[in-house]
Amino acid sequence: IFEYVRKTQFASDSVSRLNCVYYCDDIDAAKQYLYEDCLKDGTFTREQVCLLEVEVDESRVYRYDQQFYNLAMEAMEKNETDAVFEMAKRYFSKERTKEPLIEILCDSPNEVVREIEL
């Protein structure tokens with residue numbers, strides 16, 4: 001549903017969640033993400049992951065509020081399709097919730113600047 005809404009209503013000013021790389025603004029945020037989503041539950045080991053500082057085309061960087069995506073997933077579990085469409089529209093229109101969880105997406109090539117020590 002998210003990809004359909006993106007393609008049909010936001011095609012010229014958005015990036016696909018399916019064909020992009022997710023980024024963090026700074027090293028501390030990246031380390032926290034790495035720990036919370038990759039290492040904490042044992043999904044990956046330290047040997048399996050690395051953090052890279054990269055340069056990207058800033059014109060292809062988009063910041064969306066992941067809370068809308070999370071709300072859409074909850075609505076999907078309840079088969080509330082209309083709510084999922086609404087959350088997708090709010091997400092790609094770059095609205096913010098009261099407590100936004102910003103995710104950074106970019107679909108341009110990136111150039112590795114350096115590997116960051118863990």
Side-chain angles (χ1 to χ4, degrees):
I1 291 174
F2 266 61
E3 191 62 8
Y4 173 80
V5 168
R6 186 193 70 76
K7 284 182 178 179
T8 59
Q9 298 179 33
F10 300 92
S12 65
D13 188 31
S14 66
V15 63
S16 170
R17 290 176 54 84
L18 303 175
N19 297 308
C20 71
V21 176
Y22 291 73
Y23 294 95
C24 296
D25 269 329
D26 58 60
I27 293 171
D28 290 335
K31 286 181 177 180
Q32 181 179 353
Y33 178 84
L34 177 69
Y35 175 73
E36 293 292 327
D37 283 17
C38 300
L39 300 175
K40 184 178 176 180
D41 68 358
T43 302
F44 296 96
T45 65
R46 283 197 180 271
E47 293 76 29
Q48 293 175 304
V49 297
C50 68
L51 289 180
L52 303 173
E53 181 179 340
V54 299
E55 292 180 351
V56 298
D57 176 357
E58 284 293 323
S59 70
R60 296 301 306 160
V61 173
Y62 292 86
R63 288 171 168 76
Y64 300 113
D65 187 347
Q66 185 182 335
Q67 297 290 19
F68 289 118
Y69 187 81
N70 296 344
L71 291 168
M73 293 300 99
E74 291 174 16
M76 196 65 162
E77 289 174 2
K78 300 173 189 172
N79 291 321
E80 297 173 350
T81 308
D82 290 343
V84 177
F85 274 95
E86 180 61 28
M87 293 303 108
K89 289 176 189 174
R90 296 178 75 185
Y91 177 89
F92 285 110
S93 68
K94 301 177 191 146
E95 284 187 40
R96 299 289 188 252
T97 58
K98 289 182 181 178
E99 295 182 29
L101 177 58
I102 303 302
E103 56 185 7
I104 304 167
L105 286 60
C106 181
D107 61 359
S108 76
N110 62 48
E111 183 175 328
V112 175
V113 175
R114 68 183 173 106
E115 185 171 346
I116 298 167
E117 292 288 324
L118 297 178

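Checked by atom type, the side-chain pair Glu103/Tyr33 shows no donor-acceptor distance below 3.5 Å.
The number of heavy-atom neighbours closer than 6.0 Å to CD of Glu117, taken from other residues, nucleotides and ligands shown, is 12 or below. Under a cut-off of 6.0 angstrom, the local environment of CD in Glu99 is sparse, with at most 12 non-hydrogen atoms contributed by other residues, nucleotides or ligands. Taking a 6.0 Å sphere around NZ of Lys94, one finds it holds more than 12 heavy atoms contributed by other residues, nucleotides or ligands. Within a 6.0 Å radius of CE in Met73, more than 12 heavy atoms belonging to other residues, nucleotides or ligands are found.
Between Glu3 atom CD and Ser14 atom OG the span is 7.5 Å, to the nearest 0.5 Å. Within the model, atoms CG of Leu18 and CZ of Arg6 stand 8.0 Å from one another, a figure rounded to the nearest 0.5 Å. A distance of 11.0 Å separates CG of Asp26 from CD of Glu53, quoted to the nearest 0.5 Å. The CG atom of Asp57 sits 11.5 Å away from the CG atom of Asn110 when rounded to the nearest 0.5 Å. Interatomic distance, Tyr23 OH to Leu52 CG, rounded to the nearest 0.5 Å: 9.5 Å. In this structure, CG on Asp82 lies 11.0 Å from CE on Met87, to the nearest 0.5 angstrom.
Using a 4.5 Å heavy-atom cutoff, the side chains of Cys38 and Thr43 are not in contact. For the pair Tyr4/Phe85, a side-chain contact is recorded, criterion being any heavy-atom separation below 4.5 Å from C-beta on. Contact check for Ile116 versus Lys31: side-chain heavy atoms found under the 4.5 Å cut-off. Contact of the Leu71 side chain with the Arg90 side chain is not registered, since no non-hydrogen atoms from C-beta on lie closer than 4.5 Å. At least one side-chain heavy atom of Phe68 sits under 4.5 Å from a side-chain heavy atom of Glu95. Using a 4.5 Å heavy-atom threshold, the side chains of Leu101 and Tyr69 count as separate. No side-chain heavy atom of Glu111 sits less than 4.5 Å from a side-chain heavy atom of Val113. You'll find the side chain of Val49 reaches within 4.5 Å of the side chain of Leu118, heavy atoms only.
In this structure, the side chain of Tyr64 engages the main chain of Val15 through a donor-acceptor pair within 3.5 Å. A donor-acceptor distance shorter than 3.5 angstrom exists from the side chain of Tyr22 to the backbone of Arg17, with no hydrogens or angles considered.
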- Message: Does Asp65 form a salt bridge (charged side-chain N to carboxylate O under 4.0 Å, His left out) with Arg96? I'd like the steps, not just the answer.
- Response: CA-CA 6 Å; Asp65 187 347; Arg96 299 289 188 252; 5.6 Å; no
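When all heavy atoms of Ala72 and Phe2 are compared, the closest pair comes out as CB-CE1, 3.4 Å.
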